[in-house]
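The basis for the numbers below is simple: all heavy atoms, side chains too, and nothing from hydrogens, waters or symmetry mates. Only a predicted model underlies this, so the values are computations on that prediction, with no experimental measurement involved.
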Amino acid sequence: MGHPAQLTGGGPSTLGRMSEQRDSEVTAAPPSDQTSYDIPMSAQLRAAIARDWDPAPPMPHPARADVAPRAAARRAALSAKFPHQLIVVPAGNLKVRANDTEYAFRAAGSFTWLTGETVADAVLVMTPIGAGHDATLYVREYAGPGEPNYFLSRKHGALWVGNVPTARETEDLLGLPTRGLGELGAALWPWRDAPVAVLRGFDSAVDTLLPQSRDTELAQTLDELRLAKDSWEIDRLRDACAATARGFADVARELPNVVGRTDLRGERWLEGTFWRRARLEGNDVGYTSIVGAGRDGTVLHWMRNHNAVAPGALLLADMGVETDELYTADVTRTMPVSGAYTPDQLRVYRAVYEAQEAGIAEVKAGADFLAAHRAATWVLADHLHSWGILPVTADVSCADNPEAPGAGLHRRYTLHGVSHMLGIDVHDCAKARDETYRDGKLAAGHVLTVEPGLYFQVNDRTVPPELRGIAVRIEDDIWTTEGAPVNLSAGLPRHPDEVVAWLRETQEAPAQL
């Protein structure tokens with residue numbers, strides 16, 4: 001259940017049947033909607049349950065009303081890129097996690113950017129009209145009181161999963177004509193053999209209906225349009241960063257409760273502490289939190305988070321709150337769990353801090369996207385050479401790495417690039433062409449991370465023993481302007497002295513909701 005049927009031929013009636021199958025839970029109780037552990041219902045019980053209902057209480061739409069004019073402007077910009085072509089952008093479908101349970105749904109970033117909507121199975125259709133397009137949003141309509149699936153459908157029955165706004169309520173809030181999902185097939189059928197622009201890979205039913213699509217071009221265009229954030233989007237990222245700072249404070253307060261406790265998975269306790277803040281103030285975390293204590297921090301994408309937190313260790317925490325509008329922060333801090341850095345930890349931390357300062361200074365309109373990366377890695381390579389780890393100086397280049405530093409050998413200890421775009425997705429606009437992103441120029445409105453790091457593995461013989469197992473990353477979210485760069489996540493201290501003071505003050509202060 002929940003998987004669209006495959007189109008095998010026929011006319012609009014076939015598409016209608018497929019749409020009906022997608023909405024079948026709203027009109028009937030198909031066997032696929034029942035499980036082996038459901039208690040069978042008699043005809044008499046079904047008839048009794050169907051009677052004597054008042055209208056369902058209204059469900060306010062969760063979207064912000066102020067997104068409507070901005071989403072309309074974004075659709076107009078997209079329309080200009082695909083004149084006289086149908087444009088179809090799905091939100092995506094639920095994905096199975098285990099047997100008959102699904103992961104929490106998260107809509108495709110480009111769909112939400114164009115509509116402000118975040119629900120599963122919805123589809124935006126932009127039909128060419130003259131020089132532009134008429135946009136229509138198709139959403140799933142749930143059964144109302146008295147209809148069988150109001151109480152029978154475990155996927156789309158309001159008594160199982162909660163009521164949803166009606167199509168009319170959605171239209172009124174978003175300023176976007178909205179229809180039931182059952183009408184989608186008839187709307188798309190005339191375009192089945194035409195070259196259309198479809199965001200593929202999110203809704204298999206749409207992909208099947210429209211096989212002749214310019215999917216790569218549409219994905220690229222959408223991501224390139226999304227690169228520069230408007231003032232509304234910057235405000236959402238500010239909100240995400242502010243909530244993230246509060247989440248980090250929650251984690252700092254919990255550190256004394258887990259440090260030295262070998263009987264519990266302290267990293268997971270801290271992960272859950274931050275997740276609680278994300279769910280309180282936003283939609284969720286923007287990505288799986290990385291909470292690595294000690295040598296776990298040397299694993300770039302440490303997401304198991306199942307180990308204890310030893311006294312004297314560094315805690316590398318890479319976490320971000322995602323707002324209800326799906327904009328996410330992406331922040332990393334490396335903090336001493338016992339309240340003070342050791343001399344060796346501090347030596348590494350200061351090098352990374354200096355590298356980040358150099359990188360942030362390069363974030364300005366007109367600069368290369370890679371300028372921050374080059375500046376930060378130069379500083380890291382210089383320190384690595386001064387410590388006797390890197391065998392060449394930072395200014396040495398080679399044929400495979402003509403821009404230095406250190407002939408590229410620094411990458412053994414830094415692992416990753418220093419920046420990526422940030423916005424409605426944590427790795428935002430990843431389908432944009434290289435010439436507009438990695439090899440392009442920064443413009444006002446671009447938001448990117450600056451996140452240098454050093455990671456010394458415990459089994460790396462090229463590293464002095466006293467540094468092995470130390471990992472430091474510092475990451476902030478930087479807004480590109482025509483003037484100086486703006487650190488949206490500056491609410492969290494970065495300088496080592498300020499981090500130590502913040503830890504002490506935070507742990508002494510009462511928790512805040």
Would you sort out whether His133 and Ser79 count as a side chain to side chain donor-acceptor pair (under 3.5 Å), showing the intermediate values? CA-CA 6 Å; His133 289 79; Ser79 172; 2.6 Å; yes
Give the C-alpha distance, both sets of side-chain angles, the deciding distance and a yes or no for ring-ring contact (aromatic ring centres under 6.0 Å, His included) between Tyr287 and His301. CA-CA 11 Å; Tyr287 51 94; His301 287 164; 9.3 Å; no
Begin from the C-alpha positions of Asp476 and Ser489 and carry the test side chain to side chain donor-acceptor pair (under 3.5 Å) through to its verdict. CA-CA 6 Å; Asp476 285 272; Ser489 49; 2.7 Å; yes
Test salt bridge (charged side-chain N to carboxylate O under 4.0 Å, His left out) on Arg179 and Glu171; report intermediate values, then the result. CA-CA 9 Å; Arg179 304 288 180 267; Glu171 178 173 325; 3.4 Å; yes
Show your reasoning for whether salt bridge (charged side-chain N to carboxylate O under 4.0 Å, His left out) applies to Asp250 and Arg276. CA-CA 9 Å; Asp250 296 336; Arg276 180 178 60 194; 5.4 Å; no
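Side-chain contact annotation: Arg140 with His156, donor-acceptor N/O pair under 3.5 Å present. For Thr328 and Glu322, the side-chain atoms include no donor-acceptor pair closer than 3.5 Å. Asp239 and Tyr327 share no side-chain donor-acceptor pair at under 3.5 Å. In summary, the side chains of Asn93 and Asp121 do present a donor paired with an acceptor at a separation below 3.5 Å, with no hydrogens or angles considered. Residues Asp66 and Trp232 bring a donor and an acceptor atom of their side chains to less than 3.5 Å of each other. Side-chain contact of Glu117 with His61: a donor-acceptor pair under 3.5 Å is present, judged by distance alone.
Considering only heavy atoms from C-beta on, Arg261 stays 4.5 Å or farther from Trp269 through its side chain. In this structure the side chain of His420 reaches within 4.5 angstrom of the side chain of Glu451, judged on heavy atoms.
Using a 30° and 60° split on the angle between ring planes, Tyr349 and Tyr353 fall in the parallel class, below 30°.
Applying the side-chain hydrogen bond (donor to acceptor under 3.5 Å, both in side chains) rule to Trp275 yields the partners Asp284; only residues at least two apart in sequence or on another chain are considered.
Ion pairing between Glu354 and Arg350 fails under the 4.0 Å rule for side-chain N and carboxylate O.
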